[in-house]
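Okay, so here's the structure we're looking at.
Atoms within each ligand, like the ligands themselves, are counted from 1 in listed order. Just so you know, residue 1 is the first one in the sequence shown, and it goes up from there.
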Amino acid sequence: MMKSNHSLRSNRKLDHIRHALDLPPGPGTTGFEDIHLLHRCLPELAWEEVELSTSFLGLSLSAPLIINALTGGARDVTDINASLARVAAEMGIGLAVGSQRAALEDPGLEDTYRVVRRENPQGVILANVGAHTAPADACRAVEMIDADLLQVHLNPAQELVMPEGERDFRGLLANIGDIIATVKVPVIVKEVGFGMAPQDSLALVQAGCKGIDIGGKGGTNFIAIEEARRRDTCGQGLLEWGIPTGISLLETINILQGQNVVVIASGGIKTSTDIAKCLALGAGAVGIAGRFLHILIKKGEEELKGAIKVLKQELKMLLILTGTATPAAMKNIPLVITGRTAAWLRARGISVETFASR
Ligand SMILES: Cc1cc2nc3c(=O)[nH]c(=O)nc-3n(C[C@H](O)[C@H](O)[C@H](O)COP(=O)(O)O)c2cc1C
């Protein structure tokens, strides 16, 4: 008997989790190894003066941190979303659900997403849909979980390597503009691990989106995941495809100077130092998906809370060690950019010296 679209999608969601847990990040790197912060031995700050809490598109977070879109849409993942929601609530950080398409097509699956709002009634929750979604369905996705913000994901590389994936990428920008005009919450457009070119970031901001999550290369790799699912070799030649997170962030921040928009850094972020580097590059917040999923599934909810507590504490240490009292102030500290990232920026006419001498 042929499997229905719904059961194929449910299987795919479980496969994505399984392979994301099995596969290492990469093979490409984020570029953070080329970005260096300056240690300050006279920080002139006290621990109590340092404040991690952040205003994020008018909402309040205890630190500039989001658990990025992971799952929903299969009954077996309801517990994962429930755990992520409790972790986000206790830690005071944002949480995005996975693509809600499954529940838009089958209302029987709504609870796999609604659980997030039940477990985290006061927190900052982000709805998630693909860029092809009809504006009325995007509104339903937001209402389904009483979301504060909407993420619209762009994932052409993943779609192309999926045999059942989308093949027509025309009209997405116009549809995103229609979604923005229709939904009642601010819209963030995100990539899923291949980065954003600056001209795409700029076009999205001109279409009215309030946040850009550059979702760069160096962490979860959906070409590798799709290839592992199919166990064939189509896609292997593309395993290094994408713009490293550090570079995509730098290019996007550079082109969006002066625009009223939040840039979110994500893709391969693991450590507090990675987070500090992203803030110094100008990110307003940082999203982590794969690493948090890993800790939750392999070690449990309490371990994930513990890991986030450590990230926040270490971030506070790094603020002091760079002489800054808030995450927002980090965007003014000197940053030395070396290696391939510096060569890339020079080739693109972006001044590395401006970062080093600020
Ligand atoms: C198992 C899994 C499922 C994901 N599902 C979605 C999704 O439904 N929608 C979306 O926008 N991103 C999805 N992502 C992508 C993440 O939100 C993130 O953009 C990507 O994994 C890169 O970040 P990372 O390196 O921290 O994992 C998923 C990631 C993983 C690991």
**Asked** So is A20 polar-close to ligand 1, meaning N/O to N/O under 3.5 Å?
**Response** no
- prompt: Taking distance alone, with no angle check, do H16 and ligand 1 share an N/O pair under 3.5 Å?
  reply: no
Tell me, yes or no, whether the heavy-atom count around Q122 atom CD, taken from other residues, nucleotides or ligands under 6.0 Å, exceeds 12. no
Discussion item. Below the 3.5 angstrom mark, is there an N/O of G290, backbone or side chain, next to an N/O of ligand 1?
Written reply: yes
Looking at I214, L126, L70, the heavy atom closest to atom 5 (N) of ligand 1 belongs to L70
Quick one: does G215 get a heavy atom under 4.0 Å from ligand 1?
-> no
- Task: Spell out, as yes or no, whether a donor-acceptor pair under 3.5 Å connects the side chain of N81 to the backbone of V116.
- Result: no
Next on the checklist: Check this for me - ligand 1, G287, N or O atoms closer than 3.5 angstrom, yes or no?
Outcome noted: no
Per-atom filter on ligand 1: closer than 4.0 angstrom to a heavy atom of E191 are 19 (O)
For the side chain of N175 and the backbone of T133, is there at least one donor-acceptor N/O pair under 3.5 Å apart?
yes
Residues D15 and R230 bridged, charged N to O under 4.0 Å = no
**Request:** Carefully, step by step, assess S248 and E251 under the rule side-chain contact (heavy atoms from CB on, under 4.5 Å).
**Result:** CA-CA 5 Å; S248 183; E251 289 241 28; 5.9 Å; no
Would you check the N or O atoms of A289, main chain and side chain alike, for any that come under 3.5 Å of an N or O of ligand 1? yes
Q. Any side-chain heavy-atom pair from K277 and L37 closer than 4.5 angstrom?
A. yes
Please check if atom CZ in R358 has more than 12 non-hydrogen atoms from other residues, nucleotides or ligands closer than 6.0 Å.
yes
Query raised in the report: Hey, what's the ring geometry for F222 with H16, parallel, tilted or perpendicular (30° and 60° as the breaks)?
Result: perpendicular
of all protein heavy atoms, closest to atom 27 (O) of ligand 1 is T220 OG1, 2.5 Å
Per-atom filter on ligand 1: closer than 4.0 angstrom to a heavy atom of H153 are 9 (N), 11 (O)
At under 4.0 Å between heavy atoms, what of S266 touches ligand 1? The answer is neither
Look only at the side chain of T54 and the backbone of F56, and say whether a donor-acceptor pair between them is shorter than 3.5 Å.
-> no
Among non-hydrogen protein atoms, atom 16 (C) of ligand 1 lies closest to A69 O, 3.3 Å
Note: N128, heavy atoms under 4.0 Å from ligand 1, region reported as side chain
Closest to atom 10 (C) of ligand 1 among protein heavy atoms sits K190 NZ, 3.2 Å
Taking the side chain as C-beta and beyond, is there a heavy-atom pair between Q151 and N68 under 4.5 Å?
yes
After noting the C-alpha distance and the side-chain angles of T182 and C139, does the key distance pass the side-chain contact (heavy atoms from CB on, under 4.5 Å) rule?
CA-CA 7 Å; T182 311; C139 290; 3.7 Å; yes
of all protein heavy atoms, closest to atom 20 (C) of ligand 1 is V192 O, 3.4 Å
**N/O donor-acceptor pair under 3.5 Å between R40 side chain and G323 backbone** = no
Note: ligand 1 atoms sitting under 4.0 Å from heavy atoms of G219 are 25 (O)
Quick note on ligand 1: atoms under 4.0 Å from a heavy atom of G268 include exactly 24 (P), 25 (O), 26 (O)
For atom 29 (C) of ligand 1, the closest protein heavy atom turns out to be F222 CZ, 3.5 Å
Numbered in order shown, the ligand 1 atoms found under 4.0 Å of a heavy atom of S99 are 7 (C), 8 (O), 9 (N)
Could an N or O of ligand 1 be found under 3.5 Å from any N or O of R291, whether backbone or side chain? no
